[in-house]
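Indexing begins at 1, ligand by ligand and atom by atom, following the structure's order.
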Amino acid sequence: MSDPLAPGASDIGEYLVSCRSFDEYRAMFGLTDDDLAGRVLDCPGGGAGFTAVARGIGVRAVAADPVYATAPEELLARLREELERGSAWTRAHASRYVWSAYAGGPEEHARVRAEAAGLFATDLLARPDGYVAAALPHLPFADDSFDLVLSSHLLFTYADRIDTAAHEAALRELVRVSRGRVLVYPLVDQAGRAVPDLVDRLSAALGADGVRVRVRGTDYEFQRGARQLLELSRP
Ligand SMILES: C[S@@+](CC[C@H](N)C(=O)[O-])C[C@H]1O[C@@H](n2cnc3c(N)ncnc32)[C@H](O)[C@@H]1O
């Protein structure tokens, strides 16, 4: 099959709009209840169920993604296609993934993602104020707006099409809107390749400006080898 996430595309429409679940977010970022006590930003939110479930349990969560500029009906139709596209990709490359978090297989993985998409869709339609159309590196939030900023599967994942300068600008923007921690996962690209040079360059650039940078482990692993996240905070 052809590669649905082939490098070279620069248009936003070429990024997969994926739908990870709240539980996947908790596992990826190693989140505790205390971590979710303050204001939380998910950027990019995509079709993830994180914000929907978080708001449902009283977390002050907001998702930001340029795809939220799309009319809801159009976005939800696209998500249905993206679920198929994402499932087809993971099935076609099954050996690149560790399936243990999904009862051993692609069917459960697809079910989890479809359920998360459904929760996202319901919340988007019922409470659209939690979904802000915005694109890094320019977010419409004041400095220090969030206690926790989560960013999954855009930076590093698309290192084939987002250059170092754009990564740096995006990370600086996430740090700007955070008064606590910024967590970015994973630190591998979409093919599962580690990107240590990129991580090192960005760590050095941000560190030189006083941002505290840590590469931390996570117990979650779906893309084989993706067991690290980047934690940024200001002293
Ligand atoms: C693979 S999805 C990840 C979504 C979600 N975090 C998840 O893990 O399910 C990548 C998302 O990045 C969004 N995106 C693309 N360019 C962006 C930008 N400049 N700023 C913020 N989000 C962007 C896309 O619209 C897409 O929803």
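- At least one N or O atom of Ser18, backbone or side chain, sits closer than 3.5 Å to an N or O atom of ligand 1.
- Of all atoms in ligand 1, listed by their number and element, those nearer than 4.0 Å to a heavy atom of Leu16 are 1 (C), 2 (S), 10 (C), 26 (C).
- Residues satisfying the side chain to side chain donor-acceptor pair (under 3.5 Å) criterion with Asp197, sequence neighbours excluded, are absent altogether.
- Side-chain atoms of Tyr185 come within 3.5 Å of backbone N or O of Ala226 as a donor-acceptor pair.
- When only modelled atom types and interatomic distance are considered, Gln190 and Tyr15 share no side-chain donor-acceptor pair under 3.5 Å.
- Atom numbering of ligand 1 starts at 1 in the shown order; those under 4.0 Å from a heavy atom of His153 are 1 (C), 2 (S), 3 (C), 8 (O), 10 (C).
- Among residue pairs with one or both ends in residues 35-45, those qualifying as salt bridge (charged side-chain N to carboxylate O under 4.0 Å, His left out) are Asp35-Arg181; sequence neighbours excluded.
- The number of heavy atoms from other shown groups lying within 6.0 Å of CG (Asp219) does not exceed 12.
- Residues Leu125 and Leu76 have side chains in contact (heavy-atom distance under 4.5 Å, counting atoms from C-beta outward).
- Neither the backbone nor the side chain of Tyr68 comes within 4.0 Å of ligand 1, counting heavy atoms alone.
- Of all non-hydrogen atoms in Pro44 and Leu154, the two that sit nearest each other are CG-CB, 3.6 Å.
- Taking the side chain as every heavy atom from C-beta outward, Leu230 and Ser151 never approach each other to under 4.5 Å.
- Phe50 does not count as a contact of ligand 1, since none of its heavy atoms falls under 4.0 Å from the ligand.
- Contact analysis leaves Ala116 out of contact with ligand 1, as no non-hydrogen atom separation drops below 4.0 angstrom.
- Between Arg20 and ligand 1, an N or O atom pair is found at a separation short of 3.5 Å.
- Listed by number with element, the atoms of ligand 1 under 4.0 Å from a non-hydrogen atom of Pro44 are 4 (C), 5 (C), 6 (N), 11 (C), 12 (O), 13 (C), 22 (N).
- Residue-level proximity to ligand 1 for Leu136 is carried by backbone and side chain together, each with a heavy atom below 4.0 angstrom.
- For atom 25 (O) of ligand 1, the choice among Asp65, Leu79, Leu139 with the nearest heavy atom turns out to be Asp65.
- Proximity of Pro137 to ligand 1, defined as any heavy-atom pair under 4.0 Å, is not found for any part of the residue.
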